[in-house]
Amino acid sequence: MRVEGPRYTERFGAVRINEVQKVLELDSGRARELTPYENVAVQKIEEGAIKDFEEKMVIVIPTKDEKLKLLEGVISGIPHECLILVVSNSQRKRIDRFKMEQDTLRQYCHFTRRQAYLVHQKDPVLAKALAGAGYNHIIDQDGLVRDGKAEGMIAAIFIAMMMKKDYIGFIDADNFSPGAVWEYVKCYAAGFYMSRSPYAMIRIIWRYKPKFGEGVYFRKWGRVSEVTNRCMNSLISIRTGFETDIVKTSNAGEHAMSLKLAGLLSYASRFAVEPQELISIFEDFGGVMPMACKTAAKHGIEIFQIETRNPHLHEDRGTEHLKDMLLPGLATIYHSRLCEKETKEKVLAELLQQNAINPGEEPPMPQISPPPKNIDIQKFTKVMGRHMESCSALEGK
Ligand code: GDP
Ligand code: CO
């Protein structure tokens with residue numbers, strides 16, 4: 001594929017945030033010698049190079065009671081070399097939707113001869129493995145992993161570590177377009193290819209997120225993203241002293257990280273997880289507070305924002321849901337150790353305007369789980385390793 005090279009990079013301590021890079025060509029043809037200046041402004045990334053990264057990548061699909069056709073469509077878009085890990089929190093009572101997901105996945109893997117794992121978030125073995133390894137932070141009073149997409153993602157990070165993968169990418173299950181899913185993974189691989197640091201994060205930005213009403217309207221920005229980005233950029237601008245609008249992907253659900261980086265970050269519950277990842281990077285490596293990890297600081301943390309060609313077609317949950325997303329995201333910014341008076345005021349003004357808080361109120365403190373890096377992965381594997389066989393969707397493997 002061909003992607004714009006990183007033309008502008010904003011530096012914040014040890015963090016390098018690259019300006020949005022557009023996909024120019026989904027397929028750039030056969031591998032061949034490049035002409036002298038071909039790879040200056042534009043990166044041609046050969047199929048083989050992309051596959052090398054896909055092989056080391058696990059793609060995590062968090063799902064909760066999504067339509068099976070959607071889930072299957074998403075799976076079908078994931079390049080063959082990636083390992084698929086579906087983390088499901090679908091209901092098992094009344095109608096056993098998890099069982100239906102299992103059947104769908106088994107059939108799919110049987111005919112495509114590929115490996116996929118399906119783990120239920122409320123699987124008691126998973127909770128036991130986490131607790132045994134010393135990570136109780138996402139476990140509820142009932143002894144099982146808490147509800148929430150973020151909690152599923154954290155569990156997936158541990159499983160990916162156990163499977164000795166190098167990269168982890170997330171793709172929501174409520175995506176109508178397998179072609180877009182395919183492109184996300186290509187962008188993840190392209191980002192890791194371009195990164196000069198083993199501590200890398202790739203965030204997807206959609207060119208269009210169409211709305212279906214009368215006809216289709218190809219809207220460029222979501223309202224929530226716009227507001228969250230503005231506040232996130234304010235936080236960086238005031239700390240560096242230079243105004244910037246570099247961050248355009250505060251809410252990117254579609255994103256990937258090297259596991260090295262994933263192990264260092266702290267994760268917020270529910271819809272705050274994506275902005276919190278950035279906050280965590282800025283707090284730990286922005287240079288305002290002491291560096292959280294010397295090795296990572298030496299390499300630098302590299303963030304890519306890649307704009308896809310495919311529009312993002314996904315379940316529309318209405319405007320009430322938008323408010324649900326805005327508040328927790330802005331709360332992570334508001335309660336960050338980096339957030340000063342001016343940005344706090346900006347956050348409050350936005351929340352008031354959207355009726356997400358009342359005058360005089362503050363956004364609630366986000367619930368944050370600490371970095372996974374300190375977990376004893378051997379202990380986790382001891383409990384979860386054997387169990388994964390029963391989560392495999394490909395029989396005889
Ligand atoms: P949005 O796309 O950010 O508006 O949020 P969604 O409600 O669509 O959720 C994003 C993805 O996470 C979807 O694929 C959901 O099915 C999935 N999801 C939602 N809640 C949970 C949960 O508790 N556990 C897991 N594993 N996935 C969830
Ligand atoms: Co969604």
Side-chain angles (χ1 to χ4, degrees), residues 58-75 77-78 84-92 97-98 100-102 104-105 116-123 126-127 130 138-140 142 144-160 168-178 180-181 184 203-206 209-212 219 221-225 227-228 249-255 267-277 311-330 332 367 369 391:
V58 52
I59 294 295
V60 177
I61 306 168
T63 186
K64 185 178 184 191
D65 301 325
E66 300 292 351
K67 299 184 185 86
L68 282 177
K69 286 270 190 296
L70 281 186
L71 177 65
E72 200 199 345
V74 167
I75 304 257
I78 296 173
I84 296 174
L85 172 60
V86 182
V87 181
S88 168
N89 195 17
S90 301
Q91 64 161 307
R92 309 206 63 175
R97 291 201 60 89
F98 181 66
M100 287 154 77
E101 290 164 359
Q102 224 166 20
T104 308
L105 215 60
Y117 291 95
L118 172 64
V119 177
H120 200 279
Q121 197 160 324
K122 302 285 177 184
D123 188 328
L126 174 63
L130 286 166
I138 54 170
I139 297 174
D140 226 343
D142 62 0
L144 300 176
V145 172
R146 269 201 314 265
D147 285 329
K149 169 182 153 170
E151 285 70 8
M153 287 169 58
I154 297 171
I157 291 172
F158 289 119
I159 296 173
I168 186 163
F170 300 96
I171 296 181
D172 286 352
D174 59 338
N175 192 311
F176 287 106
S177 163
V181 169
Y184 297 152
R203 302 172 77 92
I204 299 291
I205 174 165
W206 314 303
K209 188 173 175 184
K211 285 267 150 198
F212 293 92
R219 200 168 65 163
W221 290 105
R223 177 88 186 115
V224 174
S225 317
V227 174
T228 316
T249 53
S250 298
N251 287 303
E254 268 63 42
H255 67 289
Y267 298 88
S269 250
R270 313 204 50 234
F271 293 113
V273 63
E274 288 92 3
Q276 171 60 31
E277 285 169 0
H312 185 66
L313 303 172
H314 112 301
E315 285 279 46
D316 192 358
R317 295 186 211 271
T319 43
E320 263 313 297
H321 178 62
L322 290 185
K323 228 185 279 166
D324 291 347
M325 290 184 64
L326 185 68
L327 181 61
L330 290 189
T332 64
Q367 187 171 21
S369 306
C391 304

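These numbers come from the heavy atoms of this one structure, side chains and all, not from hydrogens, waters or symmetry mates. Just follow the structure's listing: the first ligand is 1, and inside any ligand the first atom is 1.
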Going by distance only, is there an N or O of [X] that falls short of 3.5 Å from an N or O of ligand 1?
X: Val87; answer: yes
X: Ser88; answer: no
X: Asp147; answer: no
X: Met325; answer: no

For this session: Determine the minimum heavy-atom distance between Asp142 and Leu144, stating which atoms define it.
Result: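 That would be OD1-N, 3.0 Å.
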
For this session: Nearest 0.5 Å please: distance from the CD1 atom of Ile84 over to the CD1 atom of Ile59.
Result: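 Result: 8.5 Å between the selected atoms.
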
Exercise. Rounded to the nearest 0.5 Å, how far does OH of Tyr117 lie from CG of Leu85?
Worked result: 9.5 Å

Exercise. Does Gly253 have a non-hydrogen atom less than 4.0 Å from ligand 1?
Worked result: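 So Gly253 does not count as touching ligand 1.
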
Exercise. Is the closest heavy-atom distance from Glu151 to ligand 1 below 4.0 Å?
Worked result: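 Outside the 4.0 Å threshold, so no.
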
Problem set entry | Validation row: Val60, Ile171 side chains within 4.5 angstrom (heavy atoms) |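 Heavy-atom side-chain distance check fails, nothing below 4.5 Å.
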
Problem set entry | Side chains of Thr249 and His255 in contact at under 4.5 Å (non-hydrogen atoms) | no

Exercise. Picking from Lys149, Glu274, Met153, what satisfies side-chain contact (heavy atoms from CB on, under 4.5 Å) with Phe170?
Worked result: Met153

Problem set entry | Criterion side-chain hydrogen bond (donor to acceptor under 3.5 Å, both in side chains) against Ser88, the qualifying member of Lys64, Arg97, Gln121, Glu101 |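 Exactly one pass, corresponding to Glu101.
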
For this session: Looking at Asp174, pick out the N, O or S atom nearest to the Co ion (ligand 2) and give its name.
Result: OD2

For [X], atoms of ligand 1 separated by under 4.0 Å from a heavy atom:
X: Ala173; answer: 14 (O)
X: Asp174; answer: 2 (O), 8 (O), 13 (C), 14 (O)
X: Glu66; answer: 13 (C), 14 (O), 15 (C), 16 (O)

Exercise. Should the proximity of Lys149 to ligand 1, defined as any heavy atom under 4.0 Å, be assigned to the side chain, the backbone, both, or neither?
Worked result: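 Both backbone and side chain.
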
Exercise. Where does Lys64 meet ligand 1, judged by heavy-atom distances below 4.0 Å: at the side chain, the backbone, both, or neither?
Worked result: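 Looking at Lys64 and ligand 1, atoms from backbone and side chain both fall under 4.0 Å.
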
Exercise. Among Val145, Asp172, Asn89, Val86, which residue places a heavy atom closest to atom 11 (C) of ligand 1?
Worked result: Asp172

Exercise. Just by distance, with hydrogens left out, do His312 and Tyr184 show a side-chain donor and acceptor under 3.5 Å apart?
Worked result: yes

For this session: Could you list the residues that satisfy side chain to side chain contact (heavy atoms under 4.5 Å, CB included) with Ala173, not counting sequence neighbours?
Result: Ile61, Thr63, Glu66, Leu71

